[in-house]
Amino acid sequence: MSSHRISPEHRYPPEAPESAVAAEPEPEQEDGGGGVMALLERIGSVVVPITVALYAVLYIGVEQMYAVFGVNPQQVGVDQSVLLGRLTSTLVLLLLVALPLLGVIAGLAWLIDRLTGGAANRLFQGVRKRPWIAATAAALWCGATYWGIFRIFGTLDLFVMVVVAVGLGVLAFLIPFRLMRRKPVGRAGTKVIVGGLTGVGLGFLLILSLVEGAIDVQETGQASELLGAVGFQDQWTVVKSAEDDKPLYDGRWMMLLGESDGTYVMYDCDKLETFRRPMETTNLSRIQLDPERREGFTCGDLAQQDSGN
C-alpha cells in the first residue's frame with residue numbers, strides 16, 4: 001500500500017488574496033447628502049471650541065468694562081454664575097438665530113452640490129485632502145485671529161494686518177499643522193486649535209467693544225445694545241436716606257452698577273464719580289431701566305462747574 005506525503009501548502013485551503021476579498025458595500029446616500037452631513041459635523045466640531053474660548057475671554061472683557069468705572073465685577077456682585085445667568089436670554093436668542101442659519105447653510109450646500117452634479121463636493125473634498133492647502137488655510141486663519149489682540153495695543157490698517165497674519169501664520173502654524181494632518185488625531189487637534197484661537201480673537205475684539213461701550217456710558221449715560229447683551233444693567237435710581245426717606249444728592253439720578261457685601265455701588269453721571277453706600281442706610285426709589293436721554297445729552301455738568309470754580 002503506497003502512501004504519499006501531503007505538503008503543508010496543500011494541507012489547508014490557501015488564503016484568498018486581499019484583492020479578492022469583496023469589500024462590504026457602503027450604504028447608498030442621496031446625492032450631496034453625505035457632503036452636507038459632513039459639513040454640519042465639521043461646523044459643530046469647530047463651534048464648540050470657539051464658544052468655550054469666547055466665554056473664557058468674555059469675563060476678562062467684563063472686568064475691563066467695569067474697570068472704566070473704577071471697580072471690579074466682584075465689587076458689583078458679578079461673578080461667573082451671575083454672568084452666565086444674565087447671558088441666558090442672549091444665549092437663547094443666539095440659539096434661535098444659529099439653528100435656522102445652519103439649516104440655510106446646509107440647504108445651500110446641498111443645492112449647489114445637486115446643481116453641479118456632485119462636482120462641488122468632489123472639489124471641496126479634493127482641496128481638503130491636500131495637506132499643504134488645508135494647513136496653509138488654517139495657518140493663515142490662525143494668524144488673522146491675532147488681529148483682536150493687536151487692536152488692543154494700537155490701531156492697525158488692513159495692509160499691516162495682512163502682513164502680520166501671513167507672517168505669523170507661516171512662521172508659527174504652517175509646518176505644525178502640516179505635520180498634524182498625517183493622523184486623524186492631529187486633524188482633530190487642528191480643528192480644536194483653530195476654533196480656540198478664533199474664539200480668543202473674537203473675544204479680544206469683544207473686549208475692545210465693551211471698553212468703548214463703557215466709556216460711552218461714562219460720558220453719555222446711555223448703554224449700547226452690546227453691553228445689554230453681555231449682562232450690563234443700565235439701571236438708574238434716586239437715592240434716599242433710610243432714616244427720613246429724603247432724597248440725597250439733590251434728588252439726582254444715579255446709575256446703580258450693582259451691590260455686594262451689603263454695599264451699593266453707584267455712578268454719579270453729573271460728577272463723573274463712582275461711590276459706595278451701605279445698604280442699611282440707603283433706600284432706592286423711582287428705579288428706571290434704560291432711560292431715554294435727550295439728544296446731545298452728556299455727563300459731567302457738575303464736574304465742569306466744580307472745575308470752573
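By the neighbour-count criterion of 12 heavy atoms within 6.0 Å, atom CG of D244 is densely surrounded, having more than that number from other residues, nucleotides or ligands. Within a 6.0 Å radius of CD in E280, other residues, nucleotides and ligands contribute more than 12 heavy atoms.
R187 and R181 get closest at one heavy-atom pair: NH1-O, 3.0 Å. Of all heavy-atom pairs between A139 and F177, the closest is N-CD1, 3.7 Å. A pairwise comparison of heavy atoms in V230 and L87 identifies CA-CD2, 3.4 Å as the closest pair. Contact detail for P49 and G196: the closest heavy-atom pair is CB-N, 3.9 Å.
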Under 3.5 Å, side-chain donor or acceptor atoms of residues 212-224 against the rest of the protein: list the pairs with distances, not counting sequence neighbours.
unit_1	atom_1	unit_2	atom_2	d
Q218	NE2	V68	O	3.2
T220	OG1	D216	O	2.6
T220	OG1	Q222	N	3.4

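One finds the CD atom of Q288 at 10.5 Å from the CD atom of Q235 (value rounded to the nearest 0.5 Å). Separation of atoms OH (Y66) and CG (L210) is listed at 10.5 Å; rounding is to 0.5 Å. Put simply, CD on E243 and CG on N283 are 10.5 Å apart, with the number rounded to the nearest 0.5 Å.
Residues V76 and L84 fall within the same hydrophobic cluster, defined by Ile, Leu, Val, Met, Phe, Trp and Tyr side chains chained together at heavy-atom separations under 4.5 Å. L54 and L208 are assigned to two separate hydrophobic clusters, defined by single-linkage of ILVMFWY side chains at heavy-atom distances under 4.5 Å. Clustering ILVMFWY residues whenever any of their side-chain heavy atoms sit less than 4.5 angstrom apart, transitively, puts L91 in the very cluster that holds L226. V71 and M254 sit in two unconnected hydrophobic clusters of ILVMFWY residues. Membership requires side-chain heavy atoms under 4.5 Å apart, directly or through other members. Y249 and L257 fall into different hydrophobic clusters, where Ile, Leu, Val, Met, Phe, Trp and Tyr residues are linked whenever their side-chain heavy atoms come under 4.5 Å apart, directly or through other members.
Residues that satisfy the side chain to side chain donor-acceptor pair (under 3.5 Å) test with E273, not counting sequence neighbours, are absent from this structure. Considering only residues two or more places apart in sequence or on other chains, S81 meets the side chain to side chain donor-acceptor pair (under 3.5 Å) condition with D79. Residues passing the side chain to side chain donor-acceptor pair (under 3.5 Å) test with Q80 are Y55, sequence neighbours excluded. Partners of T274 according to the side chain to side chain donor-acceptor pair (under 3.5 Å) rule, which considers only residues two or more places apart in sequence or in another chain, do not exist here. Shown here are the salt bridge (Lys or Arg N to Asp or Glu O under 4.0 Å) partners of D270, two or more places apart in sequence or in another chain: R252.
No hydrogens or angles considered: a donor-acceptor pair under 3.5 Å links the side chains of T198 and W141.
A cation-pi geometry, defined here as NZ or CZ lying under 6.0 Å from the six-membered ring centre and within 45° of its normal, does not hold between R293 and W253.
Centroid-to-centroid, the aromatic rings of F275 and F69 stay 6.0 Å apart or farther.
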Task: side chain to side chain donor-acceptor pair (under 3.5 Å) between T263 and R276, intermediate numbers included - done: CA-CA 6 Å; T263 303; R276 299 173 177 84; over 6 Å; no
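No side-chain heavy atom of F124 sits less than 4.5 Å from a side-chain heavy atom of D113.
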